[in-house]
Amino acid sequence: EDEQIVAEIMGRRFFPDLIAYKAWEGFHFAGHEIRITEATDCYGAVVWPSALVLCYFLETNSKQYNLVDKNVIEIGAGTGLVSIVASLLGAFVTATDLPELLGNLQHNVFQNTKQKCKHQPCVKELSWGIDLEKNFPRSSCHFDYIMAADVVYHHPFLDELLLTFDHLCNNDTVILWAMKFRLENENRFVDRFQTLFDLEMISNFPSLNIALYKAMRKGRMKA
């Protein structure tokens with residue numbers, strides 16, 4: 001079953017027949033052809049398999065996780081694929097990442113959502129742990145969903161990442177987080193994450209070493 005579903009997920013990716021002046025990858029999600037421009041010299045500007053797993057889940061579970069008119073923020077949006085799919089599924093989306101990635105992120109989001117979405121998504125800078133209250137004040141920012149794909153890997157900002165999850169999450173916010181396990185560092189982060197959030201694995205793909213989690217603030221997990 002794992003191999004069949006993984007084959008279906010990876011089958012959503014396609015490549016251009018002819019090499020154009022600008023390299024791109026194509027994806028089929030939410031009834032649309034999505035074209036993503038990547039930059040192979042930057043980890044944050046590449047589509048990783050965890051993003052495909054999360055997009056596939058959003059599309060195939062759109063009744064249980066209805067995104068229409070929901071307020072969604074993606075952290076570490078990278079190329080913007082997850083944000084684009086969430087937008088095509090009816091959400092009002094804020095796609096965030098580091099300032100040096102915003103140009104490519106904005107390009108992908110705009111090109112793939114213009115006149116296709118109920119709500120035009122926005123792109124905003126978010127450096128984990130920095131100026132959170134200033135840029136995302138708790139009093140006015142309420143997110144129904146926080147989405148993240150492959151934000152945990154060998155980098156020195158795991159403390160800041162946990163702080164960012166904590167700041168953006170209200171009592172009824174649902175976190176959907178796809179994660180590829182690589183090193184022991186990732187397991188330690190999951191342990192720390194669970195001191196603040198109830199965590200439930202909702203999909204697992206051993207052949208990809210990727211798990212998809214649902215999380216809510218401690219004690220607030222819904223049936």
Side-chain angles (χ1 to χ4, degrees), residues 2-97 101-124 144-151 176-180 202-203 205 207-208 210 212:
D2 170 55
E3 292 179 355
Q4 290 177 349
I5 297 176
V6 167
E8 164 65 15
I9 293 171
M10 295 305 161
R12 301 302 185 94
R13 170 184 272 151
F14 69 94
F15 299 92
D17 293 328
L18 300 174
I19 302 300
Y21 74 95
K22 182 178 287 187
W24 57 270
E25 276 191 274
F27 303 87
H28 291 291
F29 286 109
H32 291 269
E33 178 182 299
I34 301 168
R35 295 190 178 191
I36 296 292
T37 301
E38 297 180 312
T40 56
D41 59 343
C42 178
Y43 287 136
V46 175
V47 177
W48 298 101
S50 292
L52 274 68
V53 167
L54 183 48
C55 289
Y56 180 83
F57 178 84
L58 295 176
E59 181 187 79
T60 56
N61 293 272
S62 59
K63 290 184 178 180
Q64 183 178 359
Y65 295 88
N66 186 353
L67 298 185
V68 177
D69 297 331
K70 296 297 193 298
N71 200 11
V72 172
I73 185 169
E74 185 187 4
I75 61 174
T79 61
L81 180 61
V82 172
S83 289
I84 291 164
V85 171
S87 297
L88 293 171
L89 290 171
F92 182 85
V93 177
T94 303
T96 70
D97 216 312
L101 297 174
L102 295 187
N104 189 60
L105 175 58
Q106 178 70 64
H107 169 78
N108 284 328
V109 168
F110 180 77
Q111 291 295 320
N112 289 286
T113 61
K114 184 181 179 183
Q115 297 181 339
K116 297 178 182 178
C117 297
K118 185 175 183 180
H119 308 288
Q120 185 61 37
C122 67
V123 173
K124 190 171 181 178
D144 299 296
Y145 290 94
I146 299 171
M147 297 187 183
D150 236 356
V151 294
L176 293 176
W177 166 29
M179 173 177 168
K180 182 178 179 67
I202 52 179
S203 289
F205 302 97
S207 61
L208 295 174
I210 291 173
L212 178 61

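Everything numeric in this text was worked out from a predicted model, so none of it was measured.
- Nearest heavy-atom pair across Thr60 and Tyr56 is OG1-O, 2.7 Å.
- Rounding to the nearest 0.5 Å places CG of Asn61 at 10.5 Å from CG of Leu67.
- Pairing each heavy atom of Ile75 with each of Thr96, the nearest pair is CA-OG1, 3.4 Å.
- Legend: residues meeting side-chain contact (heavy atoms from CB on, under 4.5 Å) with Glu3, ordered by chain and number and at least two apart, are absent.
- Put simply, the side chain of Cys55 does not reach to within 4.5 Å of the side chain of Phe27, judged on heavy atoms.
- One finds the CG atom of Leu52 at 6.0 Å from the CG atom of Leu81 (value rounded to the nearest 0.5 Å).
- Annotation: salt bridge (Lys or Arg N to Asp or Glu O under 4.0 Å) contacts involving residues 83-94, sequence neighbours excluded, are absent.
- Note on residues 66-97: no pairs pass ring pair (Phe, Tyr, Trp, His ring centres under 6.0 Å), not counting sequence neighbours.
- We find the CD-OG1 distance between Gln115 and Thr113 to be 10.0 Å, quoted to the nearest 0.5 Å.
- Within the 4.5 Å cutoff, no side-chain heavy atoms of Glu25 are placed close to those of Thr79.
- Here the side chains of Val151 and Trp177 are in contact, with some heavy-atom distance below 4.5 Å.
- Between Val6 and Ser207, the shortest heavy-atom distance links the atoms CG2-OG, 3.5 Å.
- Of all heavy-atom pairs between Ser83 and Ala77, the closest is OG-CB, 4.2 Å.
- Evaluated for a side chain to side chain contact (heavy atoms under 4.5 Å, CB included) with Val93, the options Cys122, Cys117, Ser87 yield exactly one hit, Ser87.
- Between the CD1 atom in Ile84 and the CD1 atom in Ile34 there is a gap of 6.0 Å [rounded to 0.5 Å].
- Looking at every heavy atom in both residues, Asp97 comes nearest to Gly78 through OD2-N, 2.7 Å.
- Within the structure, salt bridge (Lys or Arg N to Asp or Glu O under 4.0 Å) contacts touching residues 56-85 (residues at least two apart or in different chains) are Arg12-Glu59, Asp69-Lys118.
- To the nearest 0.5 angstrom, Leu105 atom CG is 11.5 Å from Thr37 atom OG1.
- With hydrogens and angles disregarded, a donor-acceptor distance shorter than 3.5 Å links the side chain of Asn112 to the backbone of Arg35.
- Residues Tyr145 and Leu58 fail the side-chain proximity criterion, which asks for heavy atoms closer than 4.5 Å.
- Within 6.0 Å of CZ on Phe110 lie no more than 12 heavy atoms contributed by other residues, nucleotides or ligands.
- Residues in residues 76-94 take part in no salt bridge (Lys or Arg N to Asp or Glu O under 4.0 Å) pair, two or more places apart or across chains.
- By the side-chain contact (heavy atoms from CB on, under 4.5 Å) test, Gln111 is found to be paired with His107, residues two or more places apart in sequence or in another chain being considered.
- A distance of 11.0 Å separates CG of Asn108 from CG of Leu101, quoted to the nearest 0.5 Å.
- Heavy-atom minimum distance, Lys180 versus Leu208: NZ-O, 2.8 Å.
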